[in-house]
Amino acid sequence: MPELPETETIARDLHAMVVGRVIVQVAVTRPDVLREVTADRLCTTLEGLTIARVWRRAKLIVLDLTSAAEPWHLVVQPRFTGGLLVDDGRMPASELAYSCVAMRLDDDRTLHYRDVRRLGTVALMSAARFSEYSCALGPEPLDQSFDVVAFSGCVRSSQQPIKAVLMDQRRLAGVGNIYANEALWRAGIDPSREASSLTQGELQHLHGALREVLAASIAARGTSFRDYRDARGERGTFVEQLAAYGRGGEPCTRCGRRLVVTHAVDGRSTVFCPGCQY
DNA sequence: AGGGGAACCCGTACGC
DNA sequence: TGCGTACGGGTTCCCC
(Lines give C-alpha, C1' and ligand atoms only; values in the text may rest on other atoms or scores of the structure.)
Protein backbone atom coordinates (compact mmCIF):
# COMPACT_ATOMS: atom_id res chain seq x y z
CA MET A 1 0.00 0.00 0.00
CA PRO A 2 2.72 2.56 0.68
CA GLU A 3 3.10 4.77 -2.39
CA LEU A 4 5.26 7.87 -2.72
CA PRO A 5 3.84 9.94 0.19
CA GLU A 6 3.80 7.05 2.67
CA THR A 7 7.29 5.93 1.70
CA GLU A 8 8.54 9.52 1.98
CA THR A 9 7.05 9.76 5.48
CA ILE A 10 8.70 6.52 6.60
CA ALA A 11 12.06 7.52 5.15
CA ARG A 12 12.07 11.00 6.76
CA ASP A 13 11.09 9.66 10.18
CA LEU A 14 13.53 6.82 10.01
CA HIS A 15 16.36 9.08 8.94
CA ALA A 16 15.87 11.23 12.03
CA MET A 17 15.74 8.14 14.24
CA VAL A 18 18.71 6.12 13.04
CA VAL A 19 21.14 8.32 11.08
CA GLY A 20 24.71 7.83 12.31
CA ARG A 21 23.94 4.55 14.08
CA VAL A 22 26.08 1.47 13.46
CA ILE A 23 24.53 -1.93 12.73
CA VAL A 24 26.11 -4.34 15.18
CA GLN A 25 24.20 -7.58 14.58
CA VAL A 26 21.72 -8.86 12.01
CA ALA A 27 19.26 -11.76 12.21
CA VAL A 28 17.16 -12.96 9.30
CA THR A 29 14.09 -14.88 10.42
CA ARG A 30 12.21 -14.89 7.09
CA PRO A 31 14.78 -15.26 4.31
CA ASP A 32 12.09 -15.35 1.60
CA VAL A 33 11.85 -11.53 1.71
CA LEU A 34 15.50 -11.20 0.60
CA ARG A 35 16.46 -10.34 -2.97
CA GLU A 36 19.90 -10.32 -4.58
CA VAL A 37 21.54 -11.56 -1.36
CA THR A 38 21.58 -14.63 0.88
CA ALA A 39 20.82 -14.40 4.61
CA ASP A 40 24.42 -15.26 5.51
CA ARG A 41 25.92 -12.67 3.23
CA LEU A 42 23.44 -9.99 4.36
CA CYS A 43 24.44 -10.57 7.99
CA THR A 44 28.19 -10.53 7.43
CA THR A 45 28.03 -7.52 5.08
CA LEU A 46 25.80 -5.30 7.24
CA GLU A 47 27.55 -5.85 10.55
CA GLY A 48 29.78 -2.86 11.31
CA LEU A 49 28.24 -0.55 8.68
CA THR A 50 27.06 2.97 9.57
CA ILE A 51 23.61 4.21 8.49
CA ALA A 52 24.62 7.39 6.66
CA ARG A 53 21.22 8.32 5.25
CA VAL A 54 17.66 7.03 4.90
CA TRP A 55 15.77 8.34 1.90
CA ARG A 56 13.14 7.50 -0.67
CA ARG A 57 13.30 6.62 -4.37
CA ALA A 58 9.98 5.73 -6.08
CA LYS A 59 8.21 3.52 -3.50
CA LEU A 60 11.51 2.27 -2.08
CA ILE A 61 13.10 3.10 1.26
CA VAL A 62 16.85 3.24 0.73
CA LEU A 63 19.40 2.98 3.54
CA ASP A 64 22.83 4.29 2.51
CA LEU A 65 25.38 2.28 4.45
CA THR A 66 29.04 3.23 4.72
CA SER A 67 32.23 1.79 6.12
CA ALA A 68 35.96 2.17 5.51
CA ALA A 69 35.54 -0.12 2.52
CA GLU A 70 32.69 -0.33 0.01
CA PRO A 71 29.38 1.57 0.39
CA TRP A 72 26.13 -0.40 0.20
CA HIS A 73 22.44 0.33 -0.28
CA LEU A 74 19.80 -1.61 1.61
CA VAL A 75 16.76 -1.27 -0.63
CA VAL A 76 13.40 -1.95 1.06
CA GLN A 77 10.22 -2.36 -0.95
CA PRO A 78 7.31 -2.53 1.55
CA ARG A 79 4.60 -3.44 -1.01
CA PHE A 80 1.40 -4.00 0.98
CA THR A 81 2.21 -4.82 4.55
CA GLY A 82 5.94 -4.23 4.88
CA GLY A 83 7.43 -1.57 7.10
CA LEU A 84 10.53 -0.52 9.00
CA LEU A 85 10.05 -0.15 12.74
CA VAL A 86 12.49 0.75 15.50
CA ASP A 87 12.16 -1.30 18.69
CA ASP A 88 13.47 0.42 21.80
CA GLY A 89 12.61 -2.61 23.91
CA ARG A 90 8.90 -1.90 24.15
CA MET A 91 7.68 -3.49 20.93
CA PRO A 92 4.88 -5.96 21.71
CA ALA A 93 5.35 -9.64 20.89
CA SER A 94 2.43 -9.44 18.45
CA GLU A 95 4.48 -7.02 16.33
CA LEU A 96 7.76 -8.88 16.72
CA ALA A 97 6.06 -12.03 15.44
CA TYR A 98 6.11 -10.57 11.93
CA SER A 99 9.72 -9.40 11.98
CA CYS A 100 11.58 -10.73 8.94
CA VAL A 101 14.96 -9.04 9.38
CA ALA A 102 16.23 -7.61 12.67
CA MET A 103 19.18 -5.22 12.74
CA ARG A 104 20.51 -4.44 16.22
CA LEU A 105 22.03 -0.96 16.46
CA ASP A 106 24.90 0.33 18.59
CA ASP A 107 22.45 2.05 20.98
CA ASP A 108 20.70 -1.27 21.73
CA ARG A 109 17.62 -0.42 19.70
CA THR A 110 16.67 -2.81 16.90
CA LEU A 111 15.57 -1.83 13.41
CA HIS A 112 13.06 -4.40 12.12
CA TYR A 113 11.81 -5.07 8.66
CA ARG A 114 8.32 -6.29 9.53
CA ASP A 115 5.93 -7.75 6.97
CA VAL A 116 2.75 -9.72 7.63
CA ARG A 117 2.13 -11.03 4.11
CA ARG A 118 5.76 -10.95 3.03
CA LEU A 119 5.22 -9.72 -0.51
CA GLY A 120 7.62 -6.91 0.31
CA THR A 121 11.34 -7.30 -0.30
CA VAL A 122 14.73 -6.35 1.13
CA ALA A 123 17.66 -6.20 -1.27
CA LEU A 124 21.34 -5.45 -0.73
CA MET A 125 22.88 -3.57 -3.63
CA SER A 126 26.31 -2.23 -4.48
CA ALA A 127 26.51 1.39 -5.65
CA ALA A 128 26.76 0.22 -9.26
CA ARG A 129 23.82 -2.18 -8.97
CA PHE A 130 21.63 0.41 -7.25
CA SER A 131 22.45 2.95 -9.93
CA GLU A 132 21.44 0.49 -12.63
CA TYR A 133 18.24 -0.37 -10.77
CA SER A 134 17.31 3.26 -10.11
CA CYS A 135 18.01 4.29 -13.70
CA ALA A 136 15.37 1.82 -14.90
CA LEU A 137 12.75 3.77 -12.90
CA GLY A 138 11.06 6.90 -14.20
CA PRO A 139 11.62 10.42 -12.84
CA GLU A 140 10.43 11.63 -9.44
CA PRO A 141 7.18 13.57 -9.90
CA LEU A 142 8.01 16.01 -7.08
CA ASP A 143 11.48 16.92 -8.38
CA GLN A 144 11.83 20.60 -9.28
CA SER A 145 12.93 19.62 -12.77
CA PHE A 146 9.77 17.57 -13.33
CA ASP A 147 7.85 20.21 -15.25
CA VAL A 148 4.91 19.72 -17.59
CA VAL A 149 7.29 19.12 -20.50
CA ALA A 150 8.98 16.27 -18.64
CA PHE A 151 5.57 14.89 -17.66
CA SER A 152 4.28 15.03 -21.22
CA GLY A 153 7.38 13.19 -22.38
CA CYS A 154 6.65 10.38 -19.91
CA VAL A 155 3.04 9.75 -20.85
CA ARG A 156 2.13 11.02 -24.28
CA SER A 157 3.67 8.27 -26.42
CA SER A 158 1.63 5.48 -24.82
CA GLN A 159 -1.54 3.89 -26.14
CA GLN A 160 -2.31 2.49 -22.68
CA PRO A 161 -5.04 4.00 -20.46
CA ILE A 162 -3.69 7.13 -18.77
CA LYS A 163 -4.24 5.55 -15.35
CA ALA A 164 -2.01 2.57 -16.18
CA VAL A 165 0.64 4.93 -17.54
CA LEU A 166 0.66 6.99 -14.33
CA MET A 167 1.28 3.79 -12.38
CA ASP A 168 4.00 2.45 -14.70
CA GLN A 169 7.15 2.80 -12.61
CA ARG A 170 9.37 2.87 -15.71
CA ARG A 171 7.61 6.02 -16.90
CA LEU A 172 6.94 7.74 -13.58
CA ALA A 173 8.21 6.75 -10.13
CA GLY A 174 6.18 6.35 -6.97
CA VAL A 175 2.56 6.63 -8.16
CA GLY A 176 0.26 3.72 -7.32
CA ASN A 177 -3.45 3.02 -7.43
CA ILE A 178 -4.56 5.56 -4.80
CA TYR A 179 -2.80 8.63 -6.21
CA ALA A 180 -3.44 7.71 -9.85
CA ASN A 181 -7.18 7.68 -9.06
CA GLU A 182 -6.97 10.91 -7.05
CA ALA A 183 -4.92 12.85 -9.60
CA LEU A 184 -7.29 11.88 -12.42
CA TRP A 185 -10.33 12.89 -10.36
CA ARG A 186 -8.74 16.24 -9.51
CA ALA A 187 -7.86 16.85 -13.15
CA GLY A 188 -11.33 15.77 -14.36
CA ILE A 189 -9.89 13.14 -16.71
CA ASP A 190 -11.44 9.72 -17.41
CA PRO A 191 -8.93 7.05 -16.25
CA SER A 192 -9.60 4.89 -19.31
CA ARG A 193 -8.56 7.59 -21.82
CA GLU A 194 -5.69 6.55 -24.07
CA ALA A 195 -2.66 8.49 -22.78
CA SER A 196 -1.71 9.76 -26.22
CA SER A 197 -5.15 11.36 -26.63
CA LEU A 198 -4.64 13.88 -23.83
CA THR A 199 -4.42 17.48 -24.98
CA GLN A 200 -1.69 19.88 -23.88
CA GLY A 201 -4.17 21.53 -21.54
CA GLU A 202 -5.22 18.22 -20.00
CA LEU A 203 -1.60 17.22 -19.48
CA GLN A 204 -1.01 20.54 -17.74
CA HIS A 205 -3.97 19.97 -15.40
CA LEU A 206 -2.95 16.40 -14.66
CA HIS A 207 0.66 17.38 -13.99
CA GLY A 208 -0.49 19.98 -11.48
CA ALA A 209 -3.08 17.69 -9.90
CA LEU A 210 -0.58 14.87 -9.48
CA ARG A 211 2.04 17.04 -7.78
CA GLU A 212 -0.56 18.71 -5.58
CA VAL A 213 -2.12 15.49 -4.35
CA LEU A 214 1.27 13.91 -3.62
CA ALA A 215 2.48 17.00 -1.71
CA ALA A 216 -0.79 17.29 0.23
CA SER A 217 -0.58 13.65 1.25
CA ILE A 218 3.01 13.98 2.43
CA ALA A 219 1.86 16.95 4.55
CA ALA A 220 -0.77 14.65 6.10
CA ARG A 221 1.81 11.86 6.63
CA GLY A 222 0.23 9.67 3.96
CA THR A 223 -2.90 7.57 3.54
CA SER A 224 -3.60 4.71 5.95
CA PHE A 225 -6.17 2.63 4.20
CA ARG A 226 -5.80 -0.80 5.74
CA ASP A 227 -2.34 -1.80 6.73
CA TYR A 228 -0.06 1.17 6.31
CA ARG A 229 1.68 2.54 9.39
CA ASP A 230 4.64 4.93 9.47
CA ALA A 231 8.00 4.22 11.11
CA ARG A 232 6.48 5.20 14.49
CA GLY A 233 3.64 2.72 13.96
CA GLU A 234 1.10 5.51 13.45
CA ARG A 235 -1.50 6.10 10.75
CA GLY A 236 -1.42 8.85 8.16
CA THR A 237 -4.52 11.05 7.91
CA PHE A 238 -4.78 11.73 4.18
CA VAL A 239 -7.56 9.17 3.86
CA GLU A 240 -9.93 11.96 5.03
CA GLN A 241 -8.98 14.04 2.00
CA LEU A 242 -9.40 11.31 -0.62
CA ALA A 243 -12.09 12.32 -3.11
CA ALA A 244 -12.24 9.15 -5.22
CA TYR A 245 -10.28 6.16 -3.91
CA GLY A 246 -12.37 4.08 -1.52
CA ARG A 247 -15.47 6.22 -2.17
CA GLY A 248 -17.19 4.15 -4.86
CA GLY A 249 -20.98 4.64 -4.68
CA GLU A 250 -20.69 7.95 -2.77
CA PRO A 251 -21.72 11.23 -4.40
CA CYS A 252 -18.94 13.12 -6.15
CA THR A 253 -18.03 16.16 -4.03
CA ARG A 254 -17.67 18.21 -7.24
CA CYS A 255 -20.82 17.37 -9.23
CA GLY A 256 -22.97 15.10 -7.06
CA ARG A 257 -23.10 12.07 -9.38
CA ARG A 258 -22.33 8.70 -7.80
CA LEU A 259 -18.70 7.62 -8.10
CA VAL A 260 -18.29 4.39 -10.07
CA VAL A 261 -15.94 1.50 -9.27
CA THR A 262 -14.64 -0.57 -12.15
CA HIS A 263 -11.90 -3.12 -12.73
CA ALA A 264 -12.12 -2.74 -16.49
CA VAL A 265 -9.39 -0.10 -16.93
CA ASP A 266 -6.27 -1.94 -15.82
CA GLY A 267 -7.48 -4.86 -13.72
CA ARG A 268 -7.12 -2.75 -10.58
CA SER A 269 -9.81 -1.01 -8.61
CA THR A 270 -10.54 2.23 -10.46
CA VAL A 271 -12.88 4.86 -8.98
CA PHE A 272 -14.06 7.78 -11.07
CA CYS A 273 -16.94 10.19 -11.55
CA PRO A 274 -18.94 9.63 -14.76
CA GLY A 275 -20.33 13.15 -14.40
CA CYS A 276 -17.18 15.26 -14.39
CA GLN A 277 -14.26 13.09 -15.59
CA TYR A 278 -13.97 12.84 -19.36
C1' DA B 1 9.86 -4.13 -28.74
C1' DG B 2 6.15 -4.18 -25.63
C1' DG B 3 2.24 -6.36 -23.65
C1' DG B 4 -0.28 -10.22 -21.13
C1' DG B 5 -0.36 -13.40 -17.41
C1' DA B 6 1.41 -16.05 -13.58
C1' DA B 7 3.85 -16.14 -9.28
C1' DC B 8 4.96 -14.34 -4.95
C1' DC B 9 2.25 -14.45 0.33
C1' DC B 10 -1.10 -14.81 4.08
C1' DG B 11 -4.86 -12.34 6.76
C1' DT B 12 -9.51 -11.52 6.05
C1' DA B 13 -14.04 -12.37 4.51
C1' DC B 14 -17.28 -15.39 3.29
C1' DG B 15 -19.64 -19.94 2.15
C1' DC B 16 -20.98 -24.41 3.56
C1' DT C 1 -18.27 -23.65 15.34
C1' DG C 2 -14.98 -24.99 12.23
C1' DC C 3 -13.02 -25.85 8.03
C1' DG C 4 -12.13 -24.69 3.18
C1' DT C 5 -11.62 -21.33 -0.42
C1' DA C 6 -11.51 -17.00 -2.97
C1' DC C 7 -9.46 -12.57 -2.91
C1' DG C 8 -6.33 -8.63 -2.90
C1' DG C 9 -2.32 -6.02 -4.37
C1' DG C 10 2.82 -4.07 -6.89
C1' DT C 11 6.56 -5.92 -9.03
C1' DT C 12 9.19 -9.26 -11.45
C1' DC C 13 9.80 -12.71 -14.63
C1' DC C 14 8.56 -15.53 -18.42
C1' DC C 15 6.63 -16.05 -22.77
C1' DC C 16 4.64 -14.62 -27.01
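The structure presented is a predicted model; accordingly, all values stated were derived computationally and were not measured. Throughout, a chain's letter reflects where its sequence line sits, starting with A, and its residues are numbered from 1. Values below: all heavy atoms of this structure, side chains included; hydrogens, waters and symmetry mates excluded.
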Integer-rounded Å distance: [N] [atom2] and [X] [atom1]:
| X | N | atom1 | atom2 | value |
| --- | --- | --- | --- | --- |
| A:H263 | B:dG4 | NE2 | P | 17 Å |
| A:Y113 | B:dC9 | OH | P | 12 Å |
| A:K59 | C:dT12 | NZ | C1' | 13 Å |
| A:E194 | B:dG3 | CD | C1' | 14 Å |
| A:Q159 | B:dA1 | CD | P | 17 Å |
| A:R30 | B:dG11 | CZ | P | 9 Å |
| A:D115 | B:dC8 | CG | C1' | 12 Å |
| A:R118 | C:dT12 | CZ | C1' | 18 Å |

Given [options], the nucleotide with the shortest approach to the side chain of [X]:
| X | options | value |
| --- | --- | --- |
| A:V116 | B:dC9, C:dT11, B:dG11 | B:dG11 |
| A:Q77 | B:dC9, B:dG11, C:dT12 | C:dT12 |
| A:R117 | C:dT11, B:dG3, C:dG8 | C:dG8 |

Worksheet item: Is the A:F238 ring parallel, tilted or perpendicular to the A:Y179 ring (thresholds 30°, 60°)?
Response: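 The rings of A:F238 and A:Y179 sit tilted, inter-plane angle from 30° to 60°.
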
Worksheet item: What orientation do A:H207 and A:F146 show, parallel under 30°, tilted 30 to 60°, or perpendicular over 60°?
Response: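 Geometry flag for A:F146 against A:H207: tilted rings.
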
Fill in: Any A:Y133 side-chain N or O less than 4.0 Å from OP1/OP2 of C:dT12
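Yes.
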
Practice prompt. Report yes if at least one side-chain N or O of A:Y98 is closer than 4.0 Å to OP1 or OP2 of B:dC10; otherwise report no.
Written response: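 No.
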
Practice prompt. Using a heavy-atom cut-off of under 4.0 Å over every strand shown, decide if A:N177 touches base, sugar-phosphate, or nothing.
Written response: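 Sugar-phosphate only.
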
Item to complete: Answer yes or no: is there an ion pair linking A:E202 with A:R193, defined by an N-O contact shorter than 4.0 Å?
Response: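 Here A:E202 pairs with A:R193 in a salt bridge, since their nearest N and O are under 4.0 Å apart.
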
Practice prompt. Report the residue (A:L137 or A:L119) whose heavy-atom-nearest nucleotide on DNA chain C is the more 5′ of the two.
Written response: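 First, find each residue's nearest nucleotide; the 5'-ward one identifies A:L119.
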
Worksheet item: Taking the six-membered ring of A:W185 as reference, does the NZ or CZ atom of A:R254 fall below 6.0 Å from its centre and within a 45° cone about the axis?
Response: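 A:R254 over A:W185 ring: yes.
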
Worksheet item: Where the side chain of A:R109 meets the backbone of A:D106, is there a donor-acceptor pair that is under 3.5 Å apart?
Response: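 Answer holds: no.
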
